[in-house]
2 protein chains.
Amino acid sequence: MEANPLIAALQASGHRITRQRRVVLEVLEGSQEHLDAEALYQKARQRSPRISLATVYRTVAVLKQMGLVAEYSLGEEHGHFETVTEAPHYHFTCLGCGQVVEFDAPQVVLAIQELAEREGLEVRAVQFSLTGYCVQCRAGGRDDR
Amino acid sequence: MEANPLIAALQASGHRITRQRRVVLEVLEGSQEHLDAEALYQKARQRSPRISLATVYRTVAVLKQMGLVAEYSLGEEHGHFETVTEAPHYHFTCLGCGQVVEFDAPQVVLAIQELAEREGLEVRAVQFSLTGYCVQCRAGGRDDR
DNA sequence: TTGTAAATGAGAATCATTTGCAATAACGCG
DNA sequence: CGCGTTATTGCAAATGATTCTCATTTACAA
Ligand SMILES: [Mn+2]
Ligand SMILES: [Mn+2]
Ligand SMILES: [Zn+2]
Ligand SMILES: [Zn+2]
């Protein structure tokens with residue numbers, strides 16, 4: 001009875017559907033970019049001006065523990081969020097222009113499975129991200145540091 | 001002329017060898033554990049009581065940019081440090097008992113090289129760590145969450 | 001329509017890390 | 001060895017990200 005599957009899932013798990021949760025979810029779904037809490041907050045407030053940053057954090061926290069949203073690091077001091085999709089993928093962030101390149105890495109997934117099996121580990125979370133310089137930034141001089 | 005190679009490298013790069021740098025380096029080298037800034041600070045202060053936390057941070061920062069020490073995340077909100085050795089290795093942290101399992105993963109290194117080549121990227125830093133439950137913690141009931 | 005518990009907003013609190021600045025100490029040189 | 005220059009330090013205040021407290025609002029089951 002609810003159009004949005006994310007909202008439906010939230011609802012199904014016994015959470016109340018508030019305007020702010022709906023908005024945060026919409027922003028998250030309607031963006032290809034990799035948003036951090038502040039960006040999410042700015043976008044959300046365009047639709048719901050009175051929303052607070054704390055609510056943004058609280059909302060992604062709920063979505064995270066439900067497995068609907070993933071938080072990951074792009075090498076910065078704060079987290080970024082993205083809705084969880086079928087295929088797992090990872091990120092490379094250019095230190096020059098900031099662009100994020102997404103890539104999939106089945107070999108990495110395999111390596112993890114092997115390790116887990118060999119050592120008897122139960123892997124709950126994987127953190128994998130790269131930083132460096134993209135083609136454009138490497139070309140355009142400024143090969144600093 | 002300097003016994004410790006790390007100290008020698010620091011010196012060679014034009015940095016002054018201070019008591020506190022020597023101490024931080026010694027603590028880092030003489031520990032198998034994965035120390036965070038606070039732990040490093042506590043251990044360092046046993047040898048040099050007046051050292052400050054700020055100096056610990058400043059020291060690891062210098063060592064990091066020289067490539068002598070690596071900072072990585074173990075899933076917590078703060079960083080951990082370890083001296084850089086020949087073979088790159090990664091970490092799995094048990095959410096139950098806190099133990100850290102180190103492992104090497106050539107497949108991951110390969111996957112990164114391939115990606116870099118294919119996309120023309122220059123990878124400067126790799127962040128790869130796992131969290132979950134170790135064999136002991138999985139066995140000993142408490143299969144919470 | 002109402003009661004009740006969940007969720008929110010605002011701001012204070014917390015944590016990790018960084019920074020400003022005056023005092024201290026390394027070390028190249030005479 | 002004794003100095004002078006300047007990097008480095010200690011301390012405290014500043015910052016940035018995220019969490020928490022608490023009074024107020026709101027979702028939603030009955
Ligand atoms: Mn992505
Ligand atoms: Mn290690
Ligand atoms: Zn770039
Ligand atoms: Zn364990």
Side-chain angles (χ1 to χ4, degrees), chain A residues 1-2 4 6-27 34-42 44-66 69-81 127, chain B residues 1-2 4 7-25 27 34-42 44-66 69-81 127:
Chain A
M1 180 107 309
E2 171 60 65
N4 187 317
L6 281 286
I7 292 287
L10 242 195
Q11 196 166 45
S13 66
H15 288 94
R16 293 184 180 176
I17 304 307
T18 64
R19 167 179 242 295
Q20 22 285 83
R21 280 178 178 168
R22 208 181 278 278
V23 169
V24 169
L25 228 18
E26 286 170 5
V27 171
H34 298 80
L35 308 170
D36 54 32
E38 182 64 30
L40 207 41
Y41 173 50
Q42 294 308 336
R45 97 193 296 209
Q46 289 174 202
R47 288 159 162 283
S48 193
R50 294 186 50 71
I51 193 173
S52 72
L53 182 54
T55 291
V56 169
Y57 274 109
R58 283 188 282 231
T59 300
V60 294
V62 170
L63 297 172
K64 259 169 59 183
Q65 60 188 94
M66 287 186 61
V69 160
E71 172 171 10
Y72 50 90
S73 159
L74 293 184
E76 296 179 287
E77 354 50 45
H78 56 260
H80 285 75
F81 307 88
Q127 194 178 28
Chain B
M1 181 105 310
E2 171 60 63
N4 187 318
I7 291 287
L10 243 194
Q11 196 166 46
S13 66
H15 287 95
R16 293 182 180 177
I17 303 308
T18 65
R19 165 178 245 294
Q20 24 284 79
R21 281 177 177 168
R22 207 181 279 277
V23 169
V24 169
L25 228 18
V27 171
H34 298 81
L35 307 171
D36 53 33
E38 182 64 31
L40 208 40
Y41 173 50
Q42 294 308 335
R45 98 194 293 210
Q46 291 175 201
R47 288 159 162 283
S48 194
R50 294 186 51 70
I51 194 174
S52 72
L53 182 54
T55 291
V56 169
Y57 274 109
R58 284 188 280 231
T59 300
V60 294
V62 170
L63 296 172
K64 260 168 59 183
Q65 62 187 92
M66 288 186 62
V69 160
E71 172 171 11
Y72 50 90
S73 158
L74 293 185
E76 296 180 287
E77 352 53 45
H78 55 261
H80 285 75
F81 308 88
Q127 195 177 30

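In this text the structure is predicted, and so the values were computed from the model without any measurement. All values below come from the heavy atoms of this structure, side chains included, with hydrogens, waters and symmetry mates left out.
- When rounded to the nearest whole Å, the span between CG of A:D36 and P of D:dG16 equals 14 Å.
- B:L40 and B:F81 make their closest contact through CD2-CD1, 4.2 Å (heavy atoms, listed as atom of the first residue, atom of the second, distance).
- Whole-Å rounding puts the A:H15 NE2 to C:dT8 P distance at 10 Å.
- Following rounding to the nearest Å, B:Y41 (OH) and C:dA16 (P) show an atom-to-atom distance of 14 Å.
- Checking side-chain atoms of B:S73 against main-chain N and O of B:G75 turns up a donor-acceptor pair under 3.5 Å.
- In this entry the distance linking CD of B:E77 with C1' of C:dT14 reads 11 Å, nearest Å.
- Here C:dG28 presents its C1' atom at 15 Å from CD1 of B:I17, a figure rounded to the nearest Å.
- Between B:S52 and the phosphate of D:dT9, there is no side-chain N or O to OP1/OP2 separation shorter than 4.0 Å.
- Atom CD1 in B:I51 sits roughly 21 Å away from atom P in C:dA23 (whole-Å rounding).
- At a cut-off of 3.5 Å, with distance as the only test, a side-chain donor of B:Q42 or B:E38 sits close to an acceptor on the other residue.
- Side-chain atoms of B:H78 lie closest to C:dA16 of the nucleotides D:dT18, D:dG10, C:dA16.
- In this structure, of D:dT9, C:dG9, C:dT19, it is D:dT9 that holds the atom nearest to the side chain of B:T18.
- Comparing D:dC11, C:dA7, C:dG9 by their nearest atom to the side chain of A:Q20 picks out C:dG9.
- Look at CD on B:Q11: it is 10 Å from C1' on C:dC27, rounded to the nearest Å.
- Nearest to the side chain of B:R58, among C:dA16, C:dT8, D:dC11, sits D:dC11.
- For A:R16, counting side-chain heavy atoms from C-beta on, the closest listed nucleotide (D:dC28, D:dA17, C:dT17) is D:dC28.
- Here the nucleotide nearest the side chain of B:A54, chosen from C:dA6, D:dA17, C:dT19, is C:dT19.
- The base of D:dT26 is not paired with the side chain of A:R19 by any donor and acceptor separated by under 3.5 Å.
- Taking 4.0 angstrom as the limit, A:Y57 places none of its side-chain polar atoms (N or O) nearer than this to OP1 or OP2 of D:dT19.
- When each of C:dT18, C:dG9, D:dC11 is scored by its nearest atom to the side-chain atoms of B:R50, the top-ranked nucleotide is D:dC11.
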* To do: Determine, stepwise, if the pair B:V60 / B:E71 fulfils side chain to side chain contact (heavy atoms under 4.5 Å, CB included).
  => CA-CA 9 Å; B:V60 294; B:E71 172 171 11; over 6 Å; no

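- Between B:R22 atom CZ and C:dA26 atom P the separation is 10 Å, expressed in whole Å.
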* Taking it one step at a time, do B:L10 and B:L63 satisfy side chain to side chain contact (heavy atoms under 4.5 Å, CB included)? -> CA-CA 8 Å; B:L10 243 194; B:L63 296 172; 4.1 Å; yes

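- Side chain of A:A37, nearest nucleotide from C:dA16, C:dA7, D:dT18: D:dT18.
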